[in-house]
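What follows is a single structure, written as structure tokens, with notes after it.
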Amino acid sequence: KDESTVSITVVGASGDLAKKKIFPALFALYYEDFLPKHFTIYGYARSKMTDEELRNMVSKTLTCRIDKRENCGEKMEEFLKRCFYHSGQYDSLKNFAELGKKLCQHEAGRIANRLFYLSIPPNIFIDAVRCASSSASSTSGWTRVIVEKPFGRDSESSAALTRGLKQYLKEEQIFRIDHYLGKELVENLSVLRFSNLIFEPLWSRQYIRNVQLIFSEDFGTEGRGGYFDHYGIIRDIMQNHLLQILALFAMETPISLDAEDIRNEKVKVLRSMRPLKLSDVIIGQYKSHTRGGVTYPGYTDDKTVPKDSLTPTFAAAALFIDNARWDGVPFLMKAGKALHTRRAEIRVQFRHVPGNLYNRNFGTDLDQATNELVIRVQPDEAIYLKINNKVPGLGMRLDRSNLNLHYAARYSKEIPDAYERLLLDAIEGERRLFIRSDELDAAWALFTPLLKELEKKKVHPEYYPYGSRGPIGAHYLAARYNVRWGDLG
Ligand code: BG6
């Protein structure tokens with residue numbers, strides 16, 4: 001291992017993602033001693049900057065782990081010394097060749113592995129990949145490229161992007177990030193299911209009434225309206241983050257934990273799903289709202305968003321998996337911006353206990369008496385199971401209580417950011433948490449007809465006030481399947 005070196009080039013180094021996520025994650029990996037002994041980090045972007053200026057920019061974004069502050073400053077200095085900058089165009093073979101030369105100098109004759117993180121808009125992905133792979137790829141070790149969504153806007157544009165990338169790279173060189181897969185509780189889903197006897201036998205239509213995948217943010221598209229308006233919440237959150245969670249949740253047991261085995265099962269379940277129809281979905285858009293003397297802007301108040309935009313900032317959908325395990329079980333998704341809270345969670349509502357032994361203690365509202373397993377992905381990570389319990393005392397009263405695994409109380413270690421997990425996996429060549437091209441195709445096949453119909457028919461979103469719980473239509477949609485959203489009590 002000592003004989004090899006890794007060069008990580010962040011293409012689009014001055015962008016938001018690089019500053020907020022990529023450099024801090026790389027530093028955290030360095031801090032925790034996860035980076036190889038020999039490594040170099042390059043920022044690559046169009047603007048002119050010296051190495052010192054890049055270091056200065058990066059240093060402002062770095063934070064230290066709460067539990068280890070002592071030598072943090074020192075570690076930061078060491079880390080920053082390994083960061084460099086190269087200014088170049090994204091479509092210039094020449095500029096990438098110059099970068100390649102600089103990388104060679106750092107690599108000093110060792111086996112050179114090169115990782116390129118494309119933190120740039122998708123319309124320049126292919127150019128950058130063409131140039132990086134032709135002028136700056138490794139001749140002695142591996143070359144890998146990390147790309148981040150959006151992977152197109154529909155099946156056709158996604159397929160075109162895949163074809164474009166594959167002109168220059170093999171599938172195994174492409175690491176498509178869905179950062180939700182790097183979140184601790186999403187990664188834990190398989191552990192929960194497959195290493196606990198008490199869950200897996202219940203994981204089917206026989207015991208599960210419905211599954212809910214909920215994403216909400218308590219802020220709008222502030223500053224990102226231009227990007228967002230081209231995509232909307234269905235493409236931004238549902239088609240990728242929530243669907244990926246669903247696939248992990250619902251897949252059959254993989255043969256092994258090998259990346260191909262896991263992704264084979266995910267593709268299978270995605271391909272067993274029914275493409276969405278207009279009637280399976282409701283969409284919403286937030287409008288301005290004044291609360292406590294503060295006025296929160298509506299979506300179309302953003303200057304980069306057309307005044308007549310119909311782009312959904314909220315959507316709720318019912319999805320079905322037509323296989324033996326899940327036949328008839330609604331998987332309800334809900335995703336929205338500018339809602340009352342920030343939260344991502346999975347809710348599994350179980351069926352009623354058959355018979356009538358204790359059901360009468362719950363009166364007519366049997367829904368209140370069923371078990372519910374909640375996996376709170378963020379914030380304040382937790383897994384809890386709602387059970388019925390006897391209220392202590394001489395009478396016979398039952399109430400619902402939680403068996404609670406609260407991460408902050410159970411584990412003292414801070415949870416790493418998703419980007420740390422994913423960058424480390426990309427460096428180590430572990431593909432389990434990255435999206436394979438057939439997964440991507442299957443995900444688009446599910447959503448593309450719906451997205452086209454919404455746009456063709458110019459379906460109007462239901463408006464909801466900034467900071468509210470979203471449009472009422474989400475309740476009607478759920479009620480159609482006899483479901484009550486668990487997050488609303
Ligand atoms: C991104 C979306 O993929 O995920 C954003 O483009 C969203 O719109 C973000 O805000 C949410 O990520 P997280 O990790 O903050 O929940």
Side-chain angles (χ1 to χ4, degrees), residues 12 15-22 24-25 28 61 63 117-122 125 146-153 158 175-189 213-246 248 283-286 297 299 302 304-305 309 311-315 333-346 375-382 407 414-423 433-435 440 443-444 447 451 466-467 470 487:
D16 237 27
L17 181 73
K19 284 195 268 192
K20 284 198 189 134
K21 295 291 183 184
I22 305 172
T61 69
T63 53
Y117 196 128
L118 299 192
S119 176
I120 47 177
F125 275 177
I146 299 182
V147 284
E148 176 111 22
K149 76 165 212 303
F151 308 119
R153 300 184 77 244
S158 165
F175 286 68
R176 294 180 195 81
I177 278 199
D178 181 311
H179 78 283
Y180 265 63
L181 292 181
K183 293 198 187 258
E184 187 63 40
L185 272 83
V186 176
E187 206 191 343
N188 187 53
L189 254 179
L213 303 142
I214 300 173
F215 168 97
S216 78
E217 277 180 341
D218 55 359
F219 46 89
T221 58
E222 286 111 67
R224 291 175 73 228
Y227 151 81
F228 192 86
D229 202 60
H230 195 52
Y231 293 94
I233 199 82
I234 298 177
R235 294 183 177 93
D236 192 46
I237 304 291
M238 280 189 170
Q239 181 269 357
N240 35 74
H241 303 328
L242 295 188
L243 190 64
Q244 283 297 321
I245 296 179
L246 188 154
L248 281 175
I283 57 169
Q285 191 186 84
Y286 64 91
Y299 174 64
D302 184 331
T304 55
V305 172
S309 171
T311 302
T313 59
F314 176 100
M333 283 184 183
K334 184 164 73 163
K337 298 216 169 243
L339 294 172
H340 73 299
T341 186
R342 174 171 177 262
R343 193 188 296 160
E345 62 187 14
I346 308 163
I375 299 165
R376 189 162 64 226
V377 175
Q378 68 187 33
D380 202 15
E381 292 81 352
Y407 272 50
E414 207 187 322
I415 294 179
D417 188 77
Y419 283 88
E420 293 170 37
R421 153 99 285 144
L422 294 168
L423 272 159
L433 301 180
F434 294 88
I435 316 287
L440 184 62
W444 276 122
F447 282 92
L451 288 162
Y466 193 119
D487 60 327

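Atoms within each ligand, like the ligands themselves, are counted from 1 in listed order.
- Among all non-hydrogen protein atoms, the one lying nearest atom 8 (O) of ligand 1 is D236 OD2, 2.6 Å.
- Salt bridge annotation for E345-R376: absent, with no cationic side-chain nitrogen under 4.0 angstrom from a carboxylate oxygen.
- Taking every heavy atom of K337 and a limit of under 4.0 angstrom, the matching atoms of ligand 1 come to 5 (C), 7 (C), 8 (O), 10 (O).
- For S309 (side chain) and T311 (main-chain N/O), a donor-acceptor pair under 3.5 Å exists by modelled atom type.
- Residue-level proximity to ligand 1 for Y180 is carried by the side chain, the only part with a heavy atom below 4.0 angstrom.
- For the 3.5 Å distance criterion, the side chains of Q239 and Y231 fail to qualify, holding no donor opposite an acceptor.
- At the shortest separation from atom 15 (O) of ligand 1 among protein heavy atoms lies R342 NH2, 3.6 Å.
- Counting only non-hydrogen atoms, the option in R235, Q378, K183 that gets closest to atom 14 (O) of ligand 1 is K183.
- Of the heavy atoms in E148, none comes closer than 4.0 Å to ligand 1.
- Taking D218 as the reference, nothing meets the salt bridge (Lys or Arg N to Asp or Glu O under 4.0 Å) condition, with sequence neighbours excluded.
- At the top of the distance list for atom 10 (O) of ligand 1, counting protein heavy atoms only, stands E217 OE2, 2.6 Å.
- Annotation: atom 4 (O) of ligand 1 to nearest protein heavy atom, H179 CE1, 3.4 Å.
- Within ligand 1, the atoms closer than 4.0 Å to a non-hydrogen atom of H241 are 1 (C), 3 (O), 4 (O), numbered from 1 in the order shown.
- A search for salt bridge (Lys or Arg N to Asp or Glu O under 4.0 Å) contacts involving E187 returns R421, R432, not counting sequence neighbours.
- Two residues are said to be in side-chain contact when any heavy atoms from C-beta on lie closer than 4.5 Å; Q285 and Y299 meet this criterion.
- Listed by atom number, the atoms of ligand 1 under 4.0 Å from K149 heavy atoms are 1 (C), 2 (C), 3 (O), 6 (O).
- Exactly one residue among N240, I146, L440 makes a side-chain contact (heavy atoms from CB on, under 4.5 Å) with R176. That residue is L440.
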